[in-house]
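Here is how names work: the chains are called A, B, and so on, in the same order as the sequence lines, proteins then strands, and each is numbered from 1. Values below: every heavy atom of this structure, side chains too, minus hydrogens, waters and symmetry copies. Predicted model, so just to flag it, every value in this text is computed and none were measured.
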Amino acid sequence: MTVRVRYGPSPTGEPHVGNIRTALFDWLFARHHGGQFLVRIEDTDQRRTVEGAEERIFDALRWLGIDWDEGPDIGGPYAPYRQSQRLPLYDEAVEKLLADGAAYRCACTPERLDALRKVQQSHKQPPGYDGHCRSRPLAEVEREIAEHEGRFVVRLRIPEDGVTEVVDALRGAVSFDNALLDDHVLRKADGYPTYHLASVVDDAAMAITHVFRGDEWLSSAPRHLLLYRALALEPPVFVHLPVILGPDKGKLSKRHGAVSVREYAAQGFLPEAMMNFLALLGWAKDDRTVQMSVDEIIAAFDIDGLGTTSATFDLERLTSMNGAYIRDLSADAFLARVGPWLEERLPAAVPRPVDAGILRPVAPLIQERVKLLSEVVDYTDFFFLEGPLPYAGESLLGKGFRNDRSGALAALTEVRSVLAGVEPWTAERIEAALRGLADRLELKPGVLFTPVRIAVTGRTVAPPLFETIALLGKERTLARLQDAAERLEQVAG
RNA sequence: GGCCCCAUCGUCUAGAGGCCUAGGACGCCAGCCUUUCAAGCUGGUAGCACGGGUUCGAAUCCCGUUGGGGCUACCA
């Protein structure tokens with residue numbers, strides 16, 4: 001039997017990392033088993049459906065490198081792949097259930113239900129539908145439905161006693177007492193199915209073999225199982241995944257930083273790093289493997305590697321992995337990835353299009369320093385800028401020259417004249433010249449190099465100095481040293 | 001409140017009765033390297049929630065306690 005797995009997002013907003021992680025597991029499982037992975041849009045709540053959310057879900061999947069074999073955008077043998085377009089199928093199931101007496105129409109109004117809930121709460125009774133319409137005479141229910149302009153819901157008739165046993169692939173058999181389950185709604189008054197009905201009908205219709213979903217569904221799994229039975233359908237294998245928690249052990253939310261995949265992309269995370277990180281949130285290949293290519297993950301991924309405990313989203317670990325992925329990029333790939341960031345974030349004064357290629361000589365030096373692609377801009381903007389750099393003159397008086405303006409000025413002037421004589425203009429020659437100068441001035445190299453770095457890059461943190469100066473060229477370097485000296489003159493000494 | 005799930009270093013995890021004086025990774029600390037920042041290398045810190053059983057032997061099995069999470073909607 002071919003493995004068929006589905007990802008069923010609700011188009012209600014920006015795709016959440018927890019949600020996308022489920023999609024990733026779906027996809028990895030399907031790919032590992034050579035099966036099919038499909039996307040099915042679960043838009044059964046008209047009020048919550050958000051315009052454009054569907055496309056954002058696709059974007060998030062594509063960004064991560066997840067592809068699908070069937071879906072609303074590409075069709076497939078089980079089309080349509082949007083639940084709002086499959087209403088007749090749910091109606092058909094409802095008619096069958098009604099005819100069999102496995103379900104019943106309910107005329108109770110939301111107001112009555114609210115009141116019921118309040119009473120139950122005040123009496124410390126377990127909340128839930130009281131079965132008001134379950135046993136009333138049909139004629140009476142129908143008359144009431146007519147009074148409500150034909151509005152009614154359909155509820156599943158849950159057995160009054162007995163136990164329903166759900167088998168979860170991760171936890172084994174879990175038993176639920178039927179008496180504690182209420183007759184939940186299958187079809188709402190607006191004619192749309194609830195998740196319970198739609199997912200059961202569609203998973204069966206689409207020949208889904210394995211259902212991966214969040215832990216929060218485990219409690220309703222017995223309802224689904226009962227529905228499968230009532231419909232005489234074969235249930236899939238259920239895999240309830242532990243949720244992803246925020247750093248405070250609560251639900252992952254905006255308070256903890258980014259929760260949508262798009263935001264991570266916008267911060268300079270690499271999709272392959274994100275995928276690796278997400279895969280490791282609740283799954284492990286063995287006791288030591290951390291960094292894996294997509295193919296390696298697919299080859300190793302299976303249910304037996306999944307855990308049962310909820311994992312905390314650790315941004316530091318993600319960031320560290322991202323740095324490792326960036327360092328592993330080839331020089332060309334790094335340059336190609338960095339291009340768009342320079343284009344977008346470099347000051348407007350830099351002419352476009354930006355040529356990331358001019359970074360080529362120093363790219364490896366930068367590559368091993370950044371953990372996010374976005375950081376590249378801070379490490380390289382001075383290569384692209386012409387004219388005075390944006391920094392404060394006071395910063396030239398670092399720890400070495402604190403309260404010693406004339407010392408710093410003298411040093412910079414010396415540096416300038418020494419560098420003026422360097423020929424050829426190579427990192428090696430520049431280094432020799434500057435080290436020789438530090439010696440002559442009886443300054444520790446770090447003391448001399450710090451103001452030079454700021455003068456030349458405008459920053460206290462920068463790529464290695466000599467290579468930087470070499471790439472900058474003699475003319476620009478000398479001009480910047482000159483500019484730094486002038487700024488020092490103006491600093492109150 | 002009721003029902004259900006979960007419980008190994010701060011974090012992600014390995015561990016399916018003896019291989020565990022519990023392994024790896026991130027983080028953190030120290031050292032080396034060093035022009036800043038990284039990277040790299042070396043070493044270190046830190047954990048089986050608690051209490052009972054079962055067993056010759058338990059992180060691993062059972063029960064309880066505690067803690068965390070979920071569900072309890074005409075949302076998914």
Side-chain angles (χ1 to χ4, degrees), chain A residues 8-10 12 19 42-45 47-48 106 108-110 113-114 117 120-121 123-129 151-155 166 168 170-171 174-177 180-182 184-190 192-196 198-199 213-222 240 242-243 245 247 249-251 277 280-291 304 307-321 323-324 327 365-371 375 379 398 431 434-435 438 444-450 452-454 457 459-466:
Chain A
S10 286
T12 53
N19 208 322
E42 313 214 328
D43 53 348
T44 56
D45 187 343
R47 290 171 314 161
R48 296 207 314 153
C106 169
C108 295
T109 60
L113 265 19
D114 281 346
R117 212 170 351 253
Q120 287 165 333
Q121 270 163 7
H123 289 254
K124 301 237 161 128
Q125 296 290 315
Y129 184 59
R151 291 176 69 84
F152 66 94
V153 303
V154 175
R155 292 179 183 274
V166 174
D168 176 84
L170 295 179
R171 309 154 221 270
V174 183
S175 297
F176 295 86
D177 203 339
L180 265 15
L181 265 30
D182 68 344
H184 62 280
V185 172
L186 296 176
R187 192 176 65 191
K188 303 175 253 185
D190 64 3
Y192 277 69
T194 57
Y195 169 86
H196 309 294
S199 69
R213 60 179 16 168
D215 234 353
E216 68 271 21
W217 291 109
L218 186 55
S219 303
S220 34
H240 291 98
V243 294
L245 269 24
K249 297 293 176 192
K251 240 185 168 151
F277 171 75
L280 257 19
L281 230 42
W283 173 81
K285 177 177 187 282
D286 52 40
D287 64 336
R288 54 196 61 243
T289 312
V290 174
Q291 202 173 327
D304 59 14
T308 49
T309 59
S310 39
T312 303
F313 190 95
D314 182 4
L315 188 59
E316 298 217 62
R317 181 168 147 104
L318 205 211
T319 306
S320 154
M321 288 182 73
R327 290 193 293 278
L365 269 23
I366 297 159
Q367 197 174 342
E368 66 181 27
R369 285 175 163 69
V370 297
K371 290 186 169 153
E375 288 170 354
Y379 269 104
E431 174 164 12
L434 289 180
R435 284 192 190 282
K444 294 213 294 207
V447 171
L448 177 63
F449 297 167
T450 299
V452 174
R453 175 176 301 107
I454 294 169
T457 68
R459 297 181 177 277
T460 52
V461 174
L465 190 56
F466 315 121

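- For Pro445(A), counting side-chain heavy atoms from C-beta on, the closest listed nucleotide (U35(B), A25(B), A76(B)) is U35(B).
- In this model, the phosphate group of A73(B) is approached by a side-chain N or O of Arg117(A) to a distance below 4.0 Å at OP1 or OP2.
- Note on Arg459(A): every side-chain N or O is 4.0 Å or more away from OP1 and OP2 of C37(B).
- Heavy atoms of Gly8(A) sit nowhere under 4.0 angstrom from any nucleic acid atom.
- Base contact: Pro464(A) has a heavy atom under 4.0 Å from a base atom.
- Using Watson-Crick or G-U wobble geometry with both donor-acceptor distances under 3.5 Å, C19(B) finds no partner in any strand shown.
- Nucleic acid contact class of Pro247(A) (heavy atoms, under 4.0 Å, all strands): none.
- A49(B) is paired with U65(B) under the criterion used here, namely a Watson-Crick or G-U wobble arrangement in which both key atom distances are under 3.5 Å.
- Comparing atom distances between the Phe176(A) side chain and each of A38(B), C3(B), A76(B) picks out C3(B) as nearest.
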N/O contacts under 3.5 Å, protein versus nucleotides 26-32 of chain B?
unit_1, atom_1, unit_2, atom_2, d
C26(B), O3', Ser320(A), OG, 3.4

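- Counting distance only, with no hydrogens placed and no angle test, the side-chain atoms of Arg369(A) and the base atoms of C37(B) include a donor-acceptor pair under 3.5 Å.
- Summarising the base pairing, G40(B) is matched to C32(B) through a Watson-Crick or G-U wobble pair whose two defining distances lie under 3.5 Å.
- Taking the ring axis of Tyr379(A) as reference, the NZ or CZ atom of Arg369(A) does not stay both within 45° of it and closer than 6.0 Å to the ring centre.
- Both Ala462(A) and Arg327(A) lie close to RNA chain B; mapped to their nearest nucleotides by heavy-atom distance, the more 5′-ward contact belongs to Ala462(A).
- Note on Ala284(A): only backbone sugar-phosphate atoms sit closer than 4.0 angstrom, heavy atoms only; bases stay farther off.
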